Number of protein chains: 2
Amino acid sequence: MGTGRQTRQRSAILGKIREAEGPLSIAQIHERAGGEIPRLGIATVYRAVKALREGGEIVAVELPGEEPHYETADRGHHHHFRCRVCEQTYDLGVCPVGIPRGTMLPGGYTVEDHSLTLYGRCADCVA
Amino acid sequence: MGTGRQTRQRSAILGKIREAEGPLSIAQIHERAGGEIPRLGIATVYRAVKALREGGEIVAVELPGEEPHYETADRGHHHHFRCRVCEQTYDLGVCPVGIPRGTMLPGGYTVEDHSLTLYGRCADCVA
DNA sequence: CGAATCTTGCGAACACAAACTCAATAGCAA
DNA sequence: TTGCTATTGAGTTTGTGTTCGCAAGATTCG
């Protein structure tokens, strides 16, 4: 599985995902990379994201009620904060969920994993 | 705002949501109520759910990567467990997230709310 | 440089959930 | 029971996110 050709649009797309403060939606990637590459097509973003996902460089992040967002695969276990004002999603370092893999909850539920999203206002939007 | 007429389909739909072990998708409501009301139309489920939502009887639950699910509005703060085998979602009583409203996280994020989903296997699917 | 072919941009096509249309049906009040 | 009218079911339509098809353009290798 080769990486394919190196084009301006592909490096712009991966670059924007890399330098983002959290996972980006397709629309956000399109906007941001489009600042660098005028007339960047949305289909190109979809194609690049698909390829990057198949190559294991980025992963999809599903947020409640949102379209998929994408971030680099090297960020490890973490959670997300979504600002209700600017609608940005940010990575968080903390994991305030004390439920290790394998825990059995009352009711017989065996936990393998979890997903936490915090909601509120980011620093810029508290003003 | 009246409740409208009482029909067999509406009471079946609300009944299924009430007796469910967790939030149901439109498709699940359709399936379950359809056992009681043959030839129940999907549009009727959408219409009933919309009316129940506007009347404050049920609320939408957004789960990562899923269509909206619906449950009765009287269940208070709780979280959900999703079985990866049977793809059912169950209500949980526990809230293992120690982040009260108003907490400020490193980075300047002010938390108002949170949403947690646990993944694993339910009792029936551990076999 | 030049050819081969992979990639791009754009419009059309698709998939899916949700809403609408309307004739037939069923609640409800008298 | 009777009539009025809200509701239903089935199909059609909309809306939005994603993919496809193809001609034009870019990248890589000889």
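This one's a predicted model, so the numbers in the text were calculated from it and none came from an experiment. So that the names make sense, note that chain A is the first sequence line, chain B the second, and so on, each numbered from 1.
Put simply, B:R8 has no side-chain N or O that comes within less than 4.0 Å of OP1 or OP2 on C:dA26. A close approach under 4.0 Å does not occur between any side-chain nitrogen or oxygen of A:R39 and OP1 or OP2 of C:dT8.
Along DNA chain C, the nucleotide nearest B:I26 and the nucleotide nearest B:Q6 are compared for position; the residue whose nucleotide lies closer to the 5' end is B:I26.
When rounded to the nearest whole Å, the span between CG of B:L40 and C1' of C:dT25 equals 15 Å. Rounded to whole Å, atom C1' of D:dG11 lies 15 Å from atom OH of B:Y46. The CZ-P distance, from B:R10 to D:dA6, rounds to 11 Å in whole Å. Atom NZ of A:K50 is separated from atom C1' of D:dC20 by 10 Å (rounded to the nearest Å). Atoms CD (B:E67) and P (C:dA15) sit 18 Å apart, rounded to a whole Å. In this structure, B:I37 atom CD1 and D:dT8 atom C1' are separated by 11 Å, rounded to whole Å. For the pair A:R5 CZ and C:dT7 P, the computed distance is 6 Å after rounding to whole Å. Put simply, CD on A:Q28 is 15 Å from C1' on D:dG17, counting in whole angstrom units.
Set against D:dT8, D:dA10, C:dT8, the side chain of B:Q9 has D:dT8 as its closest nucleotide. Among the nucleotides C:dG11, C:dC20, D:dG17, the one closest to the side chain of B:A43 is C:dC20. The listed nucleotides are D:dT8, C:dC28, D:dC20; the one nearest the side chain of B:T7 is D:dT8.
Residue A:D74 holds its CG atom at 11.5 Å from CD1 of A:I58, rounded to the nearest 0.5 Å.
Axis angle, first five pairs versus last five pairs of the helix from C:dC1-D:dG30 to C:dA30-D:dT1: 40°, rounded to 10°.
Residue B:R47 is in base contact, counting any heavy-atom pair closer than 4.0 Å across all strands shown. The residue A:I42 sits apart from the nucleic acid: no heavy atom pair falls under 4.0 Å.
In terms of heavy atoms, A:R32 sits closest to A:A20 at NH1-CB, 4.1 Å.
The pair A:K16-A:E36 meets the salt-bridge criterion, since a charged nitrogen lies less than 4.0 angstrom from a carboxylate oxygen. The pair A:E71-A:R18 does not meet the salt-bridge criterion, since no charged nitrogen lies less than 4.0 angstrom from a carboxylate oxygen.
Under the rule for a salt bridge (charged side-chain N to carboxylate O under 4.0 Å, His left out), B:E31 has no partner lying at least two apart in sequence or in another chain.
With hydrogens and angles disregarded, a donor-acceptor distance shorter than 3.5 Å links the side chain of B:H30 to the backbone of B:L40.
For residues 100-112 of chain A, the side-chain hydrogen bond (donor to acceptor under 3.5 Å, both in side chains) pairs, not counting sequence neighbours, are A:E112-B:R84, A:E112-B:R121.
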